[in-house]
Every structure is written in C-alpha cells, then in structure tokens.
Amino acid sequence: MKLHLHLTLLLATMVLCAACTPPDATATPLPTATKVDLTPSTSPSPSPTPSLTPIVTSTEEPRLSTPTPFTYTVSKGDTLYGIALRFDTTVDEIITANPDLSSNVLSIGTQLIIPAGEEGLIPKLSTPTPIPVPLSKPICYPSNDDGLWCFVSASNEQDTTLENVSALLNLHIPTGEIAASEIAIPPLNLFEKGSRIPLSAYFPPPIPDSYQVYASLLTALPSDEESMPIAIQDKVVSFIDSKHCALVGGRISLENVDQTAFQQVWVVAVAVDEDDQVVGVRKWVSDEDGSSAALQSISFEFYVYSLGPPIAEIQLLTELY
C-alpha cells in the first residue's frame, strides 16, 4: 500500500516538472506587437473640378436640358409666346397644361406649369422659314454671378410690322463644339418697320475661358397688328456712376389713344456705347390698367445699367400691350 502511494507521488512530480520545462530554443518566436502613433493626414481631399459638358444643338432644333415639366412664375413683361420660346414649347401646350389660364392677360405672380416637348425639341413653326431680318454680331458681357449676357441687334427692313422675332445664340468652345445654346428675344412684341430692336439672352455659369457666340435667326413673322404711336413727353436722362448707370424718366401721352385696346404701357430703355453697341436693356411696365379709366398720361422713371463700357446714349422704345 505504501509502495503504491510512493509511485503515484513520483508520477505526479514528473508531470509537473514536464510542464515547467522551457520550450525548445530552436522554435520560431511569436512576433511582438509594436505600438505605433498614428498622425492624422492634413492633405485636403480632392474636390471635383466643374466641367462644361457640350450640348449638341442645331439651329433648327435647340434641345432642352431635361424633358421634365416644371413650374414658372410670371413676371413683369412676360408674354405667353416669349415664355414658350424661352422653354422650348408652344403657346398651345402651355394653355393645355394650364386650363384655367387666360390667353389674353397674364397676371404677375401666376404659377404656370411648363410642359416639355417631345424629346425636348421646339415644335416646327407654321412658317418653314422666317422673314429675313438682319442680325448684328452678338456682344456679350460677363455678369456678377459668372454668367454671360449677350445682345443682338435686329433690323426690320420689311414694309410691314413683324412679331415673334427670336434668334438662337450658340456658344462655341475652341474645339468648335457647341457648349451651350440660348434663345434671344426682344423686350417688345411688335417690331415696327424701319426700326431696330435688341434681342437678349443669358448663359448661366460656368462659362469657358475661351468662347465665340454666333447668332442665327429663329423666328420672325408678319403681324396683323399695327403699333399705335405713343408720344414721350418730358424725357429726362441722368447719368450716374461714370455713365455706367442712367436714370430715365418721362411721361407717356395717351391723348387720342383708344384705351380699350390695351391693358399696360411698356417703355424700354436701350443703353448703347459710343460705338452704338448695346450695353444694357431695361423694361418698365405700368402699374395702371390703361383700360380702366380715361388717363391723359402715365409717368415713368427707372434705372438702366451698363454691363460693359460707359453709356453714350439712351434709346426709348414703347408699346401698348
């Protein structure tokens, strides 16, 4: 019994000693973790560089950027035809999309649903070719928001009054591609024979560093209406800010004018430089309803600004709308 106990104790001692035996010196040691201090990177993340994606357009079929309908708020001087031209649709389509709209009078602040034409194309007009109207070379000036305002002068050499005059302006980059297209429209509806009128268009940013803008006549139709002569009395022009701004004032005489034939009086100030180039255009619309009372005259006063050189002359155009 004592012998058996001694053998058991001996075996237990041998197992414990075996567990305490150091490992083989030739075995591969485990890697030791090293503490590393991480320093945040101060390099800025790369930011995307804006690029101007060329939009392929043609003179006959300027394209919309998107075919999705949207809402437009009517402002002073807007006409249905001008809105239709601006957004590449037709008057009939705007009226269809806005069944409660009166096609005769547009109220300022009215919300219009602007439909998109099929594939964003301007539908074919009733006339295959517009009546010839000479256009000047476009004159463009950068705006404060990095966009571009362009003016084109049109001359009516026909023996009749014209209406629905518009031009397509294509902005070309040095490779010859068309980077953007806009429709230039006049500030008045009627284009009297023997007169000259500016057409304007705005290109939103970004604008390439190098570009050329070319104009082509888009529409010009004969008008059944004859513009009523309007006399401007007591005309006053005061130049401000080294002739980069002008305060224009005067009085529209309505004597012997059928006041049931219009609702508003429009006065347009065209600012030109010493080379007779258009540098600014501003339109004034009367607040009074001309058909509501027998007004003898309507006074006006507003500012017009130059986007380029100093103003050398202010030319006033009028229309009863």
Side-chain angles (χ1 to χ4, degrees), residues 53 55 57 60-126 140 143-152 163-171 179-191 197-207 215 218-221 262-268 280-287 289 302 305 307 319 321:
T53 303
I55 302 173
T57 58
E60 295 79 15
E61 297 179 338
R63 294 185 177 273
L64 279 170
S65 58
T66 173
T68 305
F70 59 96
T71 301
Y72 173 75
T73 303
V74 176
S75 59
K76 280 189 175 183
D78 276 339
T79 64
L80 279 181
Y81 190 81
I83 295 173
L85 280 179
R86 186 185 309 171
F87 297 115
D88 297 352
T89 184
T90 65
V91 171
D92 290 340
E93 288 177 343
I94 292 178
I95 294 176
T96 300
N98 302 269
D100 297 331
L101 179 68
S102 171
S103 59
N104 297 322
V105 179
L106 283 180
S107 299
I108 298 173
T110 300
Q111 297 285 324
L112 295 180
I113 297 175
I114 306 298
E118 182 179 358
E119 296 182 355
L121 300 181
I122 292 180
K124 296 295 183 181
L125 298 173
S126 57
C140 300
S143 58
N144 292 333
D145 60 355
D146 297 326
L148 193 69
W149 274 103
C150 293
F151 300 106
V152 178
E163 64 181 359
N164 298 336
V165 178
S166 65
L168 180 67
L169 302 188
N170 286 329
L171 190 149
S181 296
E182 295 292 339
I183 296 176
I185 57 176
L188 301 178
N189 289 331
L190 299 180
F191 190 11
I197 195 170
L199 283 66
S200 59
Y202 172 74
F203 288 92
I207 303 298
L218 191 61
T219 57
L221 306 177
F262 68 94
Q263 279 99 22
Q264 294 176 332
V265 177
W266 293 352
V267 179
V268 174
V281 177
R282 188 76 181 272
K283 180 177 179 178
W284 176 89
V285 179
S286 64
D287 294 328
D289 187 344
F302 60 100
Y305 302 88
L307 296 174
E319 184 174 315
Y321 172 70

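Under the rule for a side chain to side chain contact (heavy atoms under 4.5 Å, CB included), the partners of S166 that lie at least two apart in sequence or sit in another chain are L85, I183, I185, L218, T219. Residues forming a side chain to side chain contact (heavy atoms under 4.5 Å, CB included) with L307 (at least two apart in sequence, or on another chain): Y141, W149, F151.
When all heavy atoms of Y202 and S143 are compared, the pair lying nearest together is CE1-OG, 3.7 Å. Of all heavy-atom pairs spanning C150 and L148, the tightest one is SG-CD2, 3.9 Å. Among all heavy-atom pairs drawn from L169 and F203, the shortest one is O-CZ, 3.6 Å. What you find for L188 and E319 is that their closest heavy atoms are CB-OE1, 3.1 Å. Across A201 and E182, no two heavy atoms sit closer than the pair CB-CB, 4.0 Å.
When side chains are defined from C-beta on, P187 counts as touching I197, because their heavy atoms get closer than 4.5 Å. Between Y321 and V285 the shortest side-chain heavy-atom distance does not fall below 4.5 Å. Two residues are said to be in side-chain contact when any heavy atoms from C-beta on lie closer than 4.5 Å; P115 and I94 meet this criterion. Contact annotation: the side chain of V281 approaches that of V268 to within less than 4.5 Å [non-hydrogen atoms, C-beta and beyond].
The line from OH of Y72 to CG of N98 is 13.0 Å long, rounded to the nearest 0.5 Å.
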